[in-house]
Amino acid sequence: MRRFWPVLVVVGLQLAALALLPFRSARARLFGQEITLRTAPVDPFDLLAGRHVVLRYAVEDAGAPGQAFEEGQTVWIVVAEGQPAWELVAVAPAAPPPSAGRASLRATWRHGRPSLEGAGRLYLPEAEALEA
């Protein structure tokens with residue numbers, strides 16, 4: 001039994017690490033707030049990736065006038081509740097305190113504007129892409 005103790009510890013640590021991978025997403029789904037943002041399709045075709053749509057959020061297109069952020073810096077996009085989508089209020093270097101009807105989204109400053117993680121790509125099967 002003494003021989004198996006180190007193996008059990010290593011296997012337990014690996015299982016714990018695997019269990020923690022989806023923790024951030026699960027926490028956001030359980031305790032987060034649903035926010036609807038306008039999206040705009042970009043780059044519908046790529047020779048290497050095939051037919052796809054890269055989505056960008058409209059709040060990413062607004063730079064921060066008067067703000068000088070460094071490339072790769074974490075910034076916060078402050079949005080206010082609106083219909084049909086939430087609207088940009090400000091881009092801040094630190095998370096503002098919570099308030100009713102507003103939310104702060106963590107982003108990274110890239111190429112002179114904020115960039116939200118998770119917009120991703122939607123790949124289209126070739127048959128559907130030709131129809132569209």
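Bear in mind that the values here come from a model prediction, so they are computed numbers and not experimental data.
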What distance separates [X] [atom1] from [Y] [atom2], expressed to the nearest 0.5 Å?
| X | Y | atom1 | atom2 | result |
| --- | --- | --- | --- | --- |
| Phe23 | Leu30 | CZ | CG | 9.0 Å |
| Leu15 | Leu20 | CG | CG | 11.0 Å |
| Gln33 | Leu105 | CD | CG | 9.5 Å |
| Glu87 | Leu37 | CD | CG | 10.5 Å |
| Thr36 | Gln83 | OG1 | CD | 8.5 Å |
| Gln73 | Arg110 | CD | CZ | 12.0 Å |

Of the non-hydrogen atoms in Val79 and Val89, which two are nearest, and what is the gap between them?
-> C-CG2, 4.0 Å
With a 4.5 Å heavy-atom cut-off, do [X] and [Y] have their side chains touching?
| X | Y | result |
| --- | --- | --- |
| Val59 | Trp86 | no |
| Trp76 | Arg106 | yes |
| Ile77 | Tyr57 | no |
| Glu71 | His111 | yes |

Cluster question for you: counting only ILVMFWY and a side-chain heavy-atom cut-off of under 4.5 Å, with indirect links fine, are Val75 and Val78 together?
-> no
